[in-house]
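Here is the naming used below: chain letters follow the sequence lines, and residue numbers restart at 1 for every chain.
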2 protein chains.
Amino acid sequence: MNGNDRARTITATDVARVADVSQSTVSLVLNGKWQGRIREETARRVMTTADDLGYRINQSARSLRLGSTGTVLLVVPTLVNPVFATVHAGAARVGAQNGLGVVVFPLGAEDGFGLFPAPRHALDGVIACSLAAEAVSNLRAGLPLVVLDDAPTPGTPTVTMDTGGGMANALAHLTALGHQRIMHLRAERLAWTFTRRAEVFDQCTLSHPYVIANHLSCSFMPAEVRDRMVQVLSASNRPTAVICDDDNMAMGVYAAASALNLIIGEDLSVIGFNDLPAAALVSPPLTTVRLPLGELGSRGMQALVDLRNGAVNEPASLLTELIIRKSVGLVSTGT
Amino acid sequence: MNGNDRARTITATDVARVADVSQSTVSLVLNGKWQGRIREETARRVMTTADDLGYRINQSARSLRLGSTGTVLLVVPTLVNPVFATVHAGAARVGAQNGLGVVVFPLGAEDGFGLFPAPRHALDGVIACSLAAEAVSNLRAGLPLVVLDDAPTPGTPTVTMDTGGGMANALAHLTALGHQRIMHLRAERLAWTFTRRAEVFDQCTLSHPYVIANHLSCSFMPAEVRDRMVQVLSASNRPTAVICDDDNMAMGVYAAASALNLIIGEDLSVIGFNDLPAAALVSPPLTTVRLPLGELGSRGMQALVDLRNGAVNEPASLLTELIIRKSVGLVSTGT
DNA sequence: TTGTATGCGTTATCAG
DNA sequence: CTGATAACGCATACAA
């Protein structure tokens, strides 16, 4: 009746009893701290009985005692876009150098973007990447927090990328080639990086009075982008160039152009963001703004490590790079 | 000297002392179990002081006491491929229905695929998706384990997809249209699903003696696929059809064909796997084997829930579907 | 209506 | 070289 027949999990105490040593000896041996303290024979006996019994350490107890878990949570908006794989790789690399593991939590639209389900497991810190500001405030359950690719907040270590500069470069590239009707195909999802690009786009185009700019907001789904761009590109005063907030959206523009028999790089110029692997591969290869995603992750993790050591890093901003390929040409004279 | 000046974290006991109640009262109130047991005024006082003090529950202590953490780990080979986003979504959905959160761990090539760094934080279970068998054996640190998309092991709940059937369907589609030189463009990465497809490919082509089959192993990187396929397609006896283990690889084949002025769907037929969002969008739209990834995730989580309730599910296999679009045509007579 | 006492499984300190 | 013993912070049965 008192749960005596329930499947019990093997504890260090069990191992101690069977191996006929004290529980502290077990702990010492199993943590590899027995050299010079425990007789080798005893140590060996402990290890084999632990093995025999199938002993598994209880991580909750361990981290309660230690006061830390050795894992940090990387919160991202989605797993669909491979950019976050790069961020993770960077974070995981420097995390490993500091004895920290990384697990990923996709805070998708299903969760309402901002209703962060406070992590129910113990964590040593949180890195929030490309999230809406309101989401971030919810998730800092007293944990060390580093913010990536979001508006710098005083007091919070933040690493951003100069995504606005990327937009400015893209725009300069286009205007230098004579483009005067430029469209910004904006990501629908609310995020600082997109807002920032929109601001820069609006500001830059305003300062070139001869540039007629417009924009359209869209989901990332290529099919939706295609359908809406078919409409846009059918108009007589269609844009001669499109800047897309993501390479995936650029693929949608390619599809729309193809449906309309418009040649990319001649009839229509396209610039993307992110430099996904596919960008170099489509025809024509896509000119795109490359973002230092790996460094974003590694710098973020470094900031978290520093934060745990009591140092609050200054907000940092990383440079972007315009990768020029074949999807942009001189403005076509025909129209 | 004794750490008295160290930043201490606020415990429930602290709250109790300040609010002038016992620690158990704090626990009751903060877990919302005070209705009818604690006077409303007291409860309110506890809540406000907890708030004032910035009290955060210690999850390690909580889960030690409770014996569970409420989170399960989804281990995947990579985050670069968006298919695992779908698996996660399915798992997260039924996890949420059962009070379980899901965090993702990408067991990338950096980790050596098989050297699983045993999770250092407390978990209620592990779902391993599309991993090499040797990796899986390492990671079951005594935790309830469910295996997805891998060879069924007796005693371990497993959910697979009939990926071999998908290959058979793809092959049948091709031979019905007269193709006799068919290539299987295989994923280099070791995984059961790929091995299974290769087996079925070999077996099916063997039973059609007039079919000349060959294969090539490649990474997922589209650029590498393109370069190697340019070589293959330059040969005089080039295949008339290619089945790719992933839609990304198919993009590489498209690029190679484009470089060689081969028309997909006429000069060369292509079939992919996974039905990524981009598959419907490229021109011509890609015929591909759609895998029930979302269901894989949800069934996997359900199996884990059942396992925690003491029921070991039978291995299950999910059906695949060949999505016929425009990238496959009659075999071209010209050569 | 509230407080006391106990134990979850570890690690680490300190005597022996 | 080894064994008691004391926390770590929380949830809950039970006493008051």
With A:Thr48, which residues qualify under side chain to side chain contact (heavy atoms under 4.5 Å, CB included), at least two apart? none
I need the CG-C1' distance between B:Leu64 and D:dA11, as an integer number of Å. 11 Å
Let's see if you can work this out: which of D:dT12, D:dC10, D:dA11 has an atom nearest to the side-chain heavy atoms of B:Ala12? D:dC10
Measure from CG on A:Leu66 to P on C:dT13 and round the result to the nearest Å. 11 Å
From CZ of B:Arg65 over to C1' of D:dG9, roughly how many Å is that when rounded to an integer? 11 Å
Check: A:Ser22/A:Thr25 side-chain N/O donor and acceptor closer than 3.5 Å: yes
Quick one: closest heavy-atom pair of B:Cys129 and B:Val87, and the distance? SG-CG1, 4.1 Å
Calculate the interatomic distance between A:Gln59 atom CD and C:dG9 atom P; express it in whole Å. 14 Å
Given atom NZ of A:Lys33 and atom P of C:dT10, what is their separation to the nearest angstrom? 14 Å
B:Ile57 atom CD1 is separated from D:dC8 atom C1', nearest whole Å, by 14 Å
What residues from residues 46-55 of chain B pass a heavy-atom cutoff of under 4.0 Å to DNA chain D? B:Tyr55
For B:Ser63 and A:Ser60, test the side chains for any donor-to-acceptor distance below 3.5 angstrom and give the result as yes or no. yes
Kindly state each residue pair satisfying salt bridge (charged side-chain N to carboxylate O under 4.0 Å, His left out) with at least one member in residues 296-305 of chain B, sequence neighbours excluded. B:Glu295-B:Arg299
Within the pair B:Arg62 and D:dG9, is there a side-chain N or O less than 4.0 Å away from OP1 or OP2? no
Looking at every non-hydrogen atom in both residues, tell me the closest pair between B:Leu307 and B:Pro144 and how far apart they are. CD2-CB, 3.7 Å
Is it true that B:Thr160 and B:Asp149 share a donor-acceptor pair across their side chains at a distance under 3.5 Å? no
So salt bridge (charged side-chain N to carboxylate O under 4.0 Å, His left out) across residues 20-37 of chain A, not counting sequence neighbours, yields none
Give a yes/no answer on whether the side chain of B:Asn31 brings an N or O atom under 4.0 Å of OP1 or OP2 in D:dA11. yes
Quick test: give all pairs of protein nitrogen or oxygen and nucleotides 1-5 of chain C nitrogen or oxygen below 3.5 Å, distance rounded to 0.1 Å.
{"residue": "C:dT1", "atom": "OP2", "partner": "B:Gly36", "partner atom": "O", "Å": "3.2"}
{"residue": "C:dT2", "atom": "OP1", "partner": "B:Arg39", "partner atom": "NE", "Å": "3.4"}
{"residue": "C:dT2", "atom": "OP1", "partner": "B:Arg39", "partner atom": "NH2", "Å": "3.0"}
{"residue": "C:dT2", "atom": "OP1", "partner": "B:Thr42", "partner atom": "OG1", "Å": "2.7"}
{"residue": "C:dT2", "atom": "OP2", "partner": "B:Arg39", "partner atom": "N", "Å": "2.4"}
{"residue": "C:dG3", "atom": "OP2", "partner": "B:Ser22", "partner atom": "N", "Å": "2.8"}
{"residue": "C:dG3", "atom": "OP2", "partner": "B:Thr25", "partner atom": "OG1", "Å": "3.0"}
{"residue": "C:dG3", "atom": "N7", "partner": "B:Ser24", "partner atom": "OG", "Å": "3.3"}
{"residue": "C:dT4", "atom": "O4", "partner": "B:Ser24", "partner atom": "OG", "Å": "3.1"}

Please enumerate all residues that pass side chain to side chain contact (heavy atoms under 4.5 Å, CB included) together with A:Thr153, with sequence neighbours excluded. A:Thr156
